[in-house]
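Dropping a structure here in structure tokens format, bear with me for questions.
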Amino acid sequence: MNILAELRRRFATAIAALAPDSGELVELVLPSQDAKFGDYQANCAMPLGKKLGAPPRQIAERLIAALDVADLCEPPEIAGPGFINLRLRAEWLLTKLQVASADVERRGIELAAAPRTFVVDYSSPNVAKPMHVGHIRSTVIGDALCRVLKFLGHRVISDNHIGDWGTQFGMIIYGYKHFVDDAALAQAPVPELSRLYKLVNRLIEHEDQRDNQLPALRTKLAEQMERAQSLSAPPATGDEKADKQHAKKVRQAEAVVSELRTELAELEAKLAAFAADPEQSRLAKAHPRIGAAALAETAKLHAGDAENVALWRRFLPACLEEIDETYQMLGVTFDHALGESFYHDQLAGVVEKLQSQGIAVEDGGAVCVFLDGHEAPFIVRKKDGAFLYATTDLATIHYRLREWQPDAILYVVDHRQSLHFEQLFSTARKMGCGEMELVHVSFGTVLGEDGKPYKTRSGSAVGLKGLLDEAVERAYEIAAKSPQITSEDERRTAAKKIGIGAIKYADLAHNRTSDYVFSYDKMLAMNGNTAAYMQYSNARVKSIFARGEVNIAALRTSGAKIQFSAPAERALGLALLQFTEALARVASDYRPNHLTAYLFELASRYSEFFEQCPVLKAEDAALRDSRLLLCDLTARTIEQGLALLGIETVERM
RNA sequence: GCGCCCGUAGCUCAGUUGGAUAGAGCAACGGAUUUCUAAUCCGUUGGCCGCAGGUUCGAGUCCUGCCGGGCGCGCCA
């Protein structure tokens, strides 16, 4: 039951009676922020008053007269400039709670009246490269969105657009041809391939740092120093504004120089450290221009070279296995994992189509799409003939359109790629993709406690597996503290659920559009808006049934009635009925933090209830049953809510 | 140079798309209780919502300009 939607339906009729073309004003029916203003409030009398040229309070009266809510609300009240405050009738709430309680399958949550088809594109790691902290948000947010949309009755197709056809594979092939340890490969392919990738990657990185980055940085530093120098002796113009702007430019130029200096020092230190390792320097000397060589292997693969294609076929399963291990740990699955390689034979066709439609033109040897509002073109074919991820993404849209006819494709990808998606979507629309909604579900960066992007001390990306392991390890301490858990086995299982849950919840609880600071201590805290707190709340609620030896499943369908004997019960009951609204919000703006906020709110309502209302020691059996049912519905809501976030619960904690 | 995003309590973050007196957790301080799991609950302190204008019944939210920060910008993904 979606109370808000129901109230809006009722108001739509009333508004139409006053002003036929003001349907959008139903959006101004909202949950009240303060209980003293009732449960919900309608704020449409003010704009309507303006439109109709009448005092808002008078409009409010006319709205109420035209409004048919007697079955669900107490008589509406007008307050302030014309707010209409609505308080739901207890009997009505109780009826709806009773329905939710008895509905074992879906606890009263209705399926979408108009189901849509969503393709959700998320996670998208590069095979060969170990997954790192940068993949966590996409994976976790995408998974949660899939679960919520599916639960609401939509058709959801999750597709992991893995990078299985790029340069990293060239590196592995190069590594295999020059550094392979055959015995190790035969025994355990995954670690050996991983070793090869890392080795080649490090050599290429070093080469790039030495031959490209270092000189470039030096040049840039010299330029900027010169610039700072030339700025530092300004002619005082007497114009205050111009002088201020000049001073700002000087400050900025100096800051840039100091930043570049630090950068240069760091780079030099890295190169020195590399040179100090005799084995590494030997390899670097033995493999000059390794970057170009790896690219050549990639090019051969793309060109269909028999040996490289065979190696690709041979190595890919092992690489996927490695990734799957992480997904298993996270409890994340996909309907499809159609990677870049799946589209490689469709790319030429995409470019041809763009050109024949006159959307793309050749420019400087490359095939480009020039778009309004963008200076830089969207390049779909390089001058050397190779295709880019822009090309693959367009081919992917075509394939999805043809194969699944989606109403929307969601790309759960970090915000730095927003320009790419703007261009991609514009180009796709030019090519024609109907009414389909294309959404970049963007998110911010995971930061360390210093406020900078989360990195290891040496400056490399933090491996995802290690990150998860550490969370589980730390969660073990929580499990070990529980007097409820007695077996080592249960402790281990609980630690996994608490640790993984903590990481996921911390991520999902933040507004995805902002960056957030990664902190084990905060995410594993037993207080506040964390998974551990929610899991603990749930375990505590459920412990009541065991202690009271209650067969709660039987009670649900026994016909026992829920009643409100105290304000805390009513407040809890109302919160329980608002679960649907939270889910609807998640689905409408693709933001799971609406659900975490709801769950935390629900847990607070439950705490107050639990404090004020004895359950097992209730005055009489009927009240005890009623409260048990409220407890049960709370636990089921928390469990269902966490499950929709991809988070498991524990029985004891 | 151009474009996008951000600035809310000491810290970490919400703020239902323009609604009433801006919220939560942590930290600090003060209370409660013979526990249904004290991993609790209640209260107090703490805010020029970066600054200045504007729009209107009403602005943390919208528009403009500044200040401060992040990110991106032709052949990487």
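No experiment lies behind these values; they were computed from the predicted model shown. So that the names make sense, note that chain A is the first sequence line, chain B the second, and so on, each numbered from 1.
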Is any side-chain heavy atom of Phe37(A) closer than 4.5 Å to a side-chain heavy atom of Phe83(A)?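 No - every pair of side-chain heavy atoms lies 4.5 Å or more apart.
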Can you tell me, in whole Å, how much space there is between the P of U8(B) and that of G60(B)?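 Here U8(B) and G60(B) have their P atoms 15 Å from each other.
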Under 4.5 Å between any side-chain heavy atoms of Leu616(A) and Arg624(A), yes or no?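 Yes, side chains in contact.
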Taking A22(B) as the reference, what is the distance to U61(B) when you measure between their P atoms (whole Å, please)?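 Roughly 14 Å separates the two P atoms.
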Just so I know, are the side chains of Leu419(A) and His374(A) near enough to count as touching, which here means a heavy-atom distance under 4.5 Å?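 Touching, per the 4.5 Å side-chain cut-off.
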Separation between CD1 of Ile136(A) and CZ of Phe443(A), rounded to the nearest 0.5 Å: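 Rounded to the nearest 0.5 Å, the CD1-CZ separation comes to 10.5 Å.
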Could you list all N or O pairs between the protein and nucleotides 71-75 of chain B that sit under 3.5 Å apart?
unit_1: C75(B); atom_1: O2; unit_2: Lys383(A); atom_2: N; d: 2.8
unit_1: C75(B); atom_1: N4; unit_2: Gly364(A); atom_2: O; d: 3.4

Could you pull out all donor-acceptor pairs under 3.5 Å where a side-chain atom in residues 534-542 of chain A meets a protein atom, sequence neighbours excluded?
unit_1: Gln535(A); atom_1: NE2; unit_2: Lys497(A); atom_2: O; d: 3.2
unit_1: Gln535(A); atom_1: NE2; unit_2: Glu648(A); atom_2: O; d: 2.8
unit_1: Ser537(A); atom_1: OG; unit_2: Tyr533(A); atom_2: O; d: 2.8
unit_1: Asn538(A); atom_1: ND2; unit_2: Ala635(A); atom_2: O; d: 3.2
unit_1: Lys542(A); atom_1: NZ; unit_2: Glu639(A); atom_2: OE2; d: 2.6
unit_1: Lys542(A); atom_1: NZ; unit_2: Glu651(A); atom_2: OE2; d: 3.4

Let me know the distance between CG of Asn538(A) and C1' of U37(B), rounded to the nearest Å.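 In whole Å, U37(B) C1' lies 13 Å from Asn538(A) CG.
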Using a 4.0 Å heavy-atom cut-off across all strands, classify Ala525(A) as base, sugar-phosphate, or nothing.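 No contact.
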Measure OH/Tyr389(A) against P/C76(B) and give the value in whole Å, please.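 So the two atoms are 11 Å apart, to the nearest Å.
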Output the rounded distance in Å from CD (Gln612(A)) to P (A32(B)).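 So the two atoms are 18 Å apart, to the nearest Å.
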Those residues that, when tested against Asp632(A), pass side-chain hydrogen bond (donor to acceptor under 3.5 Å, both in side chains) (two or more places apart):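 Arg556(A), Arg636(A).
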Side chains of Tyr505(A) and Asn529(A): is there a donor and an acceptor less than 3.5 Å apart?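 The criterion, which ignores hydrogens and geometry beyond distance, is satisfied for Asn529(A) and Tyr505(A).
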Both Glu340(A) and Ser604(A) contact RNA chain B. Which one's nearest nucleotide lies toward the 5' end?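 That would be Ser604(A).
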Using the side-chain hydrogen bond (donor to acceptor under 3.5 Å, both in side chains) criterion, which residues pair with Asp414(A)? Sequence neighbours excluded.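 Expected list: Arg416(A).
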With distance as the sole criterion, is a donor-acceptor pair present between the side chains of Arg627(A) and Ser565(A) under 3.5 Å?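 Short answer, yes.
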Specify the separation, in whole Å, of atom CD1 of Ile162(A) and atom C1' of A77(B).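 Between C1' of A77(B) and CD1 of Ile162(A): 14 Å.
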Taking side chain to side chain contact (heavy atoms under 4.5 Å, CB included) as the test, write out the residues that go with Val361(A), two or more places apart.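 Here the qualifying residues are Phe370(A).
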Side chains of Tyr389(A) and Gln417(A), heavy atoms from C-beta outward: is any pair under 4.5 Å?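 A side-chain contact exists here, since the closest heavy-atom pair is under 4.5 Å.
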Euclidean distance for P, U17(B) against G74(B) (whole angstrom):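 After rounding to an integer number of Å, I get 38 Å for this pair.
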Pairwise distance OG1(Thr580(A)) to CD(Glu6(A)) - rounded to 0.5 angstrom: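 Spacing of OG1 (Thr580(A)) from CD (Glu6(A)) equals 12.0 Å.
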Could you check whether Pro56(A) gets within reach of a base, just the sugar-phosphate, or nothing at all, counting any heavy atom under 4.0 Å?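 The answer is nothing, as Pro56(A) stays clear of every strand by at least 4.0 Å.
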Please name all residues satisfying side-chain hydrogen bond (donor to acceptor under 3.5 Å, both in side chains) with Ser124(A), sequence neighbours left out, ordered by chain then number.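 Partners of Ser124(A) by the side-chain hydrogen bond (donor to acceptor under 3.5 Å, both in side chains) criterion, ordered by chain and then number, come out as Asp121(A).
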Using the C1' atom in both, what is the distance from G46(B) to C11(B), to the nearest Å?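 Those two atoms are separated by 13 Å.
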If you take all heavy atoms of Ala506(A) and Tyr516(A), which pair is closest and at what distance?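 Looking at all heavy atoms of both residues, the closest pair is O-CE1, 4.1 Å.
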Which pairs, protein N/O on one side and nucleotides 39-41 of chain B N/O on the other, fall under 3.5 Å?
unit_1: A39(B); atom_1: O2'; unit_2: Tyr536(A); atom_2: OH; d: 3.0
unit_1: A39(B); atom_1: N6; unit_2: Ser482(A); atom_2: N; d: 3.3
unit_1: U40(B); atom_1: OP1; unit_2: Asn527(A); atom_2: OD1; d: 2.1
unit_1: U40(B); atom_1: OP1; unit_2: Asn527(A); atom_2: ND2; d: 3.3
unit_1: C41(B); atom_1: OP1; unit_2: Ser607(A); atom_2: OG; d: 3.3

Categorize Glu422(A) for me: base, sugar-phosphate, or nothing, with a 4.0 angstrom heavy-atom threshold over every strand shown.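 Answer is nothing: Glu422(A) stays at 4.0 Å or more from every strand.
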C1' atom, G68(B) versus A39(B): distance in rounded Å?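 These two C1' atoms come out 41 Å apart once rounded.
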RNA chain B: stems of at least 3 consecutive Watson-Crick or G-U pairs whose donor-acceptor distances fall under 3.5 Å: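 Stem segments, range with range: B:1-7 with B:67-73, B:10-13 with B:23-26, B:28-32 with B:40-44, B:50-54 with B:62-66.
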Would you measure the distance from the C1' atom in G1(B) across to the matching atom in A20(B) and give it in whole Å?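 Taking atom C1' in both G1(B) and A20(B), they lie 46 Å apart.
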Working for ring-ring contact (aromatic ring centres under 6.0 Å, His included), residues Phe425(A) and Tyr411(A): CA-CA 11 Å; Phe425(A) 297 166; Tyr411(A) 293 87; 5.6 Å; yes
Please give the distance between the C1' atoms of C2(B) and U45(B) as a whole number of Å.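 Between the two C1' atoms, the distance is 47 Å.
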Can you check the distance between A59(B) and C66(B), where both ends of the measurement are the P atom (answer in whole Å)?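 About 24 Å, rounded to a whole number of Å.
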Would you tell me whether Asp521(A) and Ser519(A) have side-chain atoms, one donor and one acceptor, within less than 3.5 Å of each other?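 Per modelled atom types, Asp521(A) and Ser519(A) side chains form no pair under 3.5 Å.
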What parts of residues 625-632 of chain A reach RNA chain B, counting only heavy atoms under 4.0 Å away?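 By residue number: none to list.
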Value in whole Å for how far the C1' atom of G25(B) lies from CD of Glu601(A):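 The distance from CD of Glu601(A) to C1' of G25(B) comes to 14 Å, rounded to the nearest Å.
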Are there any protein N/O atoms within less than 3.5 Å of an N/O atom in nucleotides 12-15 of chain B, and if so, which ones and at what distance?
unit_1: C13(B); atom_1: OP1; unit_2: Val517(A); atom_2: N; d: 2.7
unit_1: A14(B); atom_1: OP1; unit_2: Asn511(A); atom_2: N; d: 2.7
unit_1: A14(B); atom_1: OP1; unit_2: Ser514(A); atom_2: OG; d: 2.9
unit_1: G15(B); atom_1: OP1; unit_2: Arg591(A); atom_2: NH2; d: 2.1
unit_1: G15(B); atom_1: OP2; unit_2: Asn511(A); atom_2: ND2; d: 3.3

Nearest-angstrom distance from the residue atom NE2 of His135(A) to P of A77(B):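 Result: 15 Å.
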Any N or O donor-acceptor pair under 3.5 Å from the base of U21(B) to the side chain of Lys36(A)?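 Present.
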Whole-Å gap separating P (A77(B)) and CG (Asp208(A)):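 About 15 Å, once rounded to whole Å.
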Round to the nearest Å and state the distance from Ile204(A) atom CD1 to C76(B) atom P.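 Those two atoms, CD1 and P, are 15 Å apart.
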For Asn43(A), answer base if it contacts any base atom (sugar-phosphate contacts may also be present), sugar-phosphate if it contacts only those atoms, and nothing otherwise; contact means non-hydrogen atoms under 4.0 Å.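 Asn43(A): base contact, heavy atoms under 4.0 Å.
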For Pro125(A), side chain to side chain contact (heavy atoms under 4.5 Å, CB included) partners two or more places apart: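 Per chain and number, Pro125(A) pairs via side chain to side chain contact (heavy atoms under 4.5 Å, CB included) with Ser123(A), Met131(A), His135(A), Asn160(A), Ile162(A), Ile323(A), Tyr327(A).
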Please list, chain by chain and in numerical order, all residues satisfying side chain to side chain contact (heavy atoms under 4.5 Å, CB included) with Ala566(A), sequence neighbours excluded.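 Scan of Ala566(A) (side chain to side chain contact (heavy atoms under 4.5 Å, CB included), adjacent residues dropped) gives Glu569(A), Cys613(A).
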Under 3.5 Å donor-acceptor pair, Asn85(A) side-chain atoms to A20(B) base atoms: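 By the distance-only test, yes, there is a pair.
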Describe the nucleic acid contact of Ala539(A) in one word from base, sugar-phosphate, nothing, applying a heavy-atom distance below 4.0 Å.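 It contacts base atoms.
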